[in-house]
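As structure tokens, the structure follows; a few thoughts come after it.
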Amino acid sequence: MRERVAELAALRSRAHSGPSPRATEAQHARGKLTARERLELLFDEGTFTEVEGFRRHRATGFGLEAKRPHTDGVLIGWGQVEGRRVFAYAHDFRVFGGALGEAHAEKIHKIMDLAEAAGAPVVGLCDGAGARIQEGVTALAGYGGIFQRNVRNSGVIPQISVVMGPCAGGAAYSPALTDFVFMVRGTSQMFITGPDVVEAVTGERISHDGLGGADVHTTTSGVASFVYDDEESCLTEVRYLLSMLPSNNRELPPRTEARDPVDRRCEALLDLVPADPNRAYDIRRVIEEIADDGDFFEIHERWATNVVCALVRLGGEVAGVVANQPSTLAGVLDIDASEKAARFVQMCDAFNIPLVTLVDVPGFLPGVDQEHGGVIRHGAKLLYAYCNATVPRVSVVLRKAYGGAYIVMDSRSIGTDLALAWPVNEIAVMGAEGAANVVLRREIAASDDPESTRAERIAEYRRELMHPYYAAERGLVDDVIDPAETRTRLIGALAVLRGKHAALPSRKHGNQPQ
């Protein structure tokens, strides 16, 4: 028995060390950690349990039968993150370039099934060269099994993809199906077809980073949620995100003891937000002021920046914040902003995270490009997401809320549980100047003094239909509040709504806008 145990230890040691020291050096020379080093950073020290570490492929042909390393290029297992169970798989680029074959895929299927059964998050550390060409269609079928599980577990357990190297071809679809995608600047790329194929087909020349690098996907395409300069900081932030998510859709997000007083007044808000609706400010400063200890975790920080989506803690409880950003495009909604906010709302609703909406929106972005690009369809995605959400919902109109954008930003009419407003709010079909130009243009044009008449009618419109208490008088706003009390009122509202239960009609699923 002792001899057998010694043999086991030696075999495990060889499997852990990888194919060769030279392969490890090459991985480090690329600025990348090994799969095992990444897992050590992801999990609490000493908690990772590996399974199927001795798995080897059974493929033959093209020299594969002579090369059958243990793990088959992917490590799978589970461990603790901040004391809570998390499952993970990590491609080992040193083995077959992390390419996926039949045995490799079956290992990933195994860990995804275990995560589903245990009701715990699954994290994929992606660093692979796509399908293993030598194994043909069986490799492609392996991807199909991963995609099927991604979809089956969507909204059931949190799924996080961390792209730490190449992720090309079919491999790119799995991250796209997960809840969050992290990337590392300079070493990770995602694309369906690589630069060589692009050049051959279209004649366009472009680098790997220019086609599908981290900056491209976090600023232009919106495929990735987060980007970091190194793998260590990236995995630290993955751990932080997991600390704010429930283990599954049957649990509430983890609660912490709040050090920041619940009744803290936010006097700074009186100066941060100008009363003039046409003056810009940074909505992040508002979120920072109301959040516990000024801390918030922004999603898609660099894409569609005219809306801000963030996870915060309010009185120790996790909440999702959707807020217009007046410092970018005056905070209008457009195609990308609508899609970004809609996906965030859906994620929060799936995982029992209450929603707080901070409204300061002049409308939807006008323009031919927006209309032809389907701003109606994309705006409807956000409308659908809010209307479908059953978690506690509280909205606060900070300043202006005009037209259809007011309705879409979780207004009372689409089901927000509590609607609050600051005493400078302007809720109307449109701004006073635009209203005067549309409704009273003939009267103004016929006047002996058009400019004076126009100014009088604008003032009249503001006085009659846009004063801060107009919506409150009609029950469309529950209360007009002192901005300094925003944090306290939000925490109180979410506490009241914590036990909310809302049933949706019996149906297979809705047909949401695409």
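The first residue of the sequence shown is numbered 1, and numbering continues consecutively from there. Heavy-atom basis, side chains included; hydrogens, waters and symmetry copies ignored.
The existence of a salt bridge linking Asp260 and Arg264 is confirmed by a sub-4.0 Å separation between a basic side-chain nitrogen and an acidic carboxylate oxygen. In this structure, Arg239 pairs ionically with Asp44, as a charged nitrogen and a carboxylate oxygen lie closer than 4.0 Å. Using a 4.0 Å cut-off between a side-chain N of Lys or Arg and a carboxylate O of Asp or Glu, Lys500 and Asp417 qualify as a salt bridge. Between Arg152 and Asp113 there is a salt bridge, since at least one side-chain N of the basic residue sits less than 4.0 Å from a carboxylate O of the acidic one. In summary, Asp127 and Arg38 engage in a salt bridge, as defined by a charged side-chain N under 4.0 Å from a carboxylate O. Using a cutoff of 4.0 Å between basic side-chain nitrogens and carboxylate oxygens, Arg132 and Glu135 are scored as salt-bridged. The residues Asp292 and Arg487 are annotated as salt-bridged, a charged nitrogen and a carboxylate oxygen being separated by less than 4.0 angstrom. Ionic pairing of Arg55 and Asp72 is not present here: no N-O contact between side-chain nitrogen and carboxylate oxygen is shorter than 4.0 angstrom.
Taking the side chain as every heavy atom from C-beta outward, Gln80 and Phe43 never approach each other to under 4.5 Å. Inter-residue side-chain proximity for Ser188 and Met190 is flagged as unmet; no heavy-atom pair is nearer than 4.5 Å. A heavy-atom distance below 4.5 Å is found between the side chains of Leu314 and Val356. In this structure, the side chains of Asp360 and Leu358 stay at 4.5 Å or more apart for every pair of heavy atoms. Side-chain contact check for Glu50 versus Thr71: some heavy-atom pair is nearer than 4.5 Å. With contacts defined as side-chain heavy-atom distances shorter than 4.5 Å, the pair Val151/Gln148 does not qualify. At a threshold of 4.5 Å between non-hydrogen side-chain atoms, the residues Glu116 and Met112 do not count as touching. Counting heavy atoms from C-beta on, the side chains of Asn248 and Phe351 never come closer than 4.5 Å.
A donor-acceptor pair under 3.5 Å is formed between the side chain of His300 and the backbone N or O of Ala224. Between the side chain of Lys340 and the backbone N or O of Cys309 there is no donor-acceptor pair closer than 3.5 Å. Although no hydrogens or angles enter the test, the distance criterion places no donor-acceptor pair under 3.5 Å between the side chain of His91 and the main chain of Cys167. When atom types are taken as modelled, the side chain of Ser17 and the backbone of Arg14 share a donor-acceptor pair closer than 3.5 angstrom. The main-chain N or O of Leu125 is never found under 3.5 Å from a side-chain atom of Ser161 such that the two would form a donor-acceptor pair. In this structure, Thr416 contributes its side chain and Ala419 its backbone to no donor-acceptor pair below 3.5 Å.
Atom OG1 of Thr390 sits about 6.0 Å away from atom CG of Leu504, to the nearest 0.5 Å. From His28, atom NE2 reaches atom NZ of Lys32 across 11.0 Å, with rounding to the nearest 0.5 Å. How far OH of Tyr143 is from CD1 of Ile108: 7.5 Å, rounded to the nearest 0.5 Å. Interatomic distance, CD1 of Ile157 versus CG of Asp179, reported as 9.0 Å (0.5 Å rounding). With values rounded to the nearest 0.5 angstrom, Gln27 atom CD is found 8.5 Å from Glu37 atom CD. Atom CD in Glu298 sits 4.0 Å away from atom CZ in Arg284 (nearest 0.5 Å).
In this structure, Arg85 places its CZ atom where only 12 or fewer heavy-atom neighbours from other residues, nucleotides or ligands lie under 6.0 Å away. Dense packing is recorded around CG of Leu8, with more than 12 heavy atoms of other residues, nucleotides or ligands lying under 6.0 Å away. No more than 12 heavy atoms of other residues, nucleotides or ligands lie within 6.0 Å of CZ in Arg259, so this atom counts as exposed by the packing criterion. Around atom CZ of Arg255, more than 12 heavy atoms belonging to other residues, nucleotides or ligands sit under 6.0 Å away.
Using a 3.5 Å distance cut-off with no hydrogens or angles, the side chains of Tyr228 and Thr236 do not pair a donor with an acceptor. Of the N and O atoms on the side chains of Thr218 and Arg302, at least one donor lies less than 3.5 Å from an acceptor on the other residue. In this structure, a donor-acceptor pair under 3.5 Å is present between the side chains of Asn150 and Ser174. Side-chain N/O atoms of Asp334 and Asn306 include a donor and acceptor closer than 3.5 Å. No donor-acceptor contact under 3.5 angstrom links the side chains of His208 and Gln189, judged on distance only. Defined by atom type and a distance below 3.5 Å, a donor-acceptor pair is present between the side-chain atoms of Ser247 and Arg84. Side chains of Asp282 and Ser327: a donor-acceptor N/O pair is absent below 3.5 angstrom, by distance only. Looking at Gln159 and Asn153, their side chains never bring a donor and an acceptor atom within 3.5 Å of each other. Counted by atom type alone, Arg94 and Thr24 present one or more donor-acceptor pairs between their side chains at under 3.5 Å.
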Output, in order, the C-alpha distance, side-chain angles, deciding distance and verdict of side chain to side chain contact (heavy atoms under 4.5 Å, CB included) for Phe364 and Val408.
CA-CA 10 Å; Phe364 279 91; Val408 168; 4.0 Å; yes
Would Thr328 and Gln325 satisfy side-chain hydrogen bond (donor to acceptor under 3.5 Å, both in side chains), going step by step from the backbone distance to the final call?
CA-CA 6 Å; Thr328 303; Gln325 175 58 291; 5.4 Å; no
Can you check side-chain hydrogen bond (donor to acceptor under 3.5 Å, both in side chains) on Asp410 and Ser395, steps first, answer last?
CA-CA 6 Å; Asp410 206 18; Ser395 65; 5.4 Å; no
Stepwise side chain to side chain contact (heavy atoms under 4.5 Å, CB included) check, Val86 with Val123:
CA-CA 8 Å; Val86 173; Val123 178; 3.9 Å; yes
Working for side chain to side chain contact (heavy atoms under 4.5 Å, CB included), residues Val162 and Met183:
CA-CA 6 Å; Val162 189; Met183 295 187 76; over 6 Å; no
Verify side chain to side chain contact (heavy atoms under 4.5 Å, CB included) between Asp295 and Arg313, making sure each step is shown before the conclusion.
CA-CA 8 Å; Asp295 188 31; Arg313 288 190 184 276; over 6 Å; no
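Using cut-offs of 30° and 60° for the angle between ring planes, the Tyr173 and Phe147 rings count as perpendicular.
Contact detail for Val227 and Ala214: the closest heavy-atom pair is CG2-CB, 3.4 Å. Of all heavy-atom pairs spanning Ser338 and Leu382, the tightest one is O-CB, 3.8 Å. Taking every heavy atom of both residues into account, Ile76 and Lys110 meet most closely at CD1-CG, 4.2 Å. Of all the heavy atoms in Ala115 and Val122, the pair that sits closest is CB-CB, 4.0 Å. Taking every heavy atom of both residues into account, Tyr384 and Gly510 meet most closely at OH-CA, 3.1 Å. Smallest separation of non-hydrogen atoms from Ile414 and Cys387: CB-SG, 3.7 Å.
For Ser233, the side-chain hydrogen bond (donor to acceptor under 3.5 Å, both in side chains) partners two or more places apart in sequence, or in a different chain, are Asp230.
Two rings, from Phe226 and Tyr240, have their centers 6.0 Å or more apart.
Cation-pi check for Lys107 over Tyr89 is not met; the charged atom does not lie both under 6.0 angstrom from the ring centroid and within 45 degrees of its normal.
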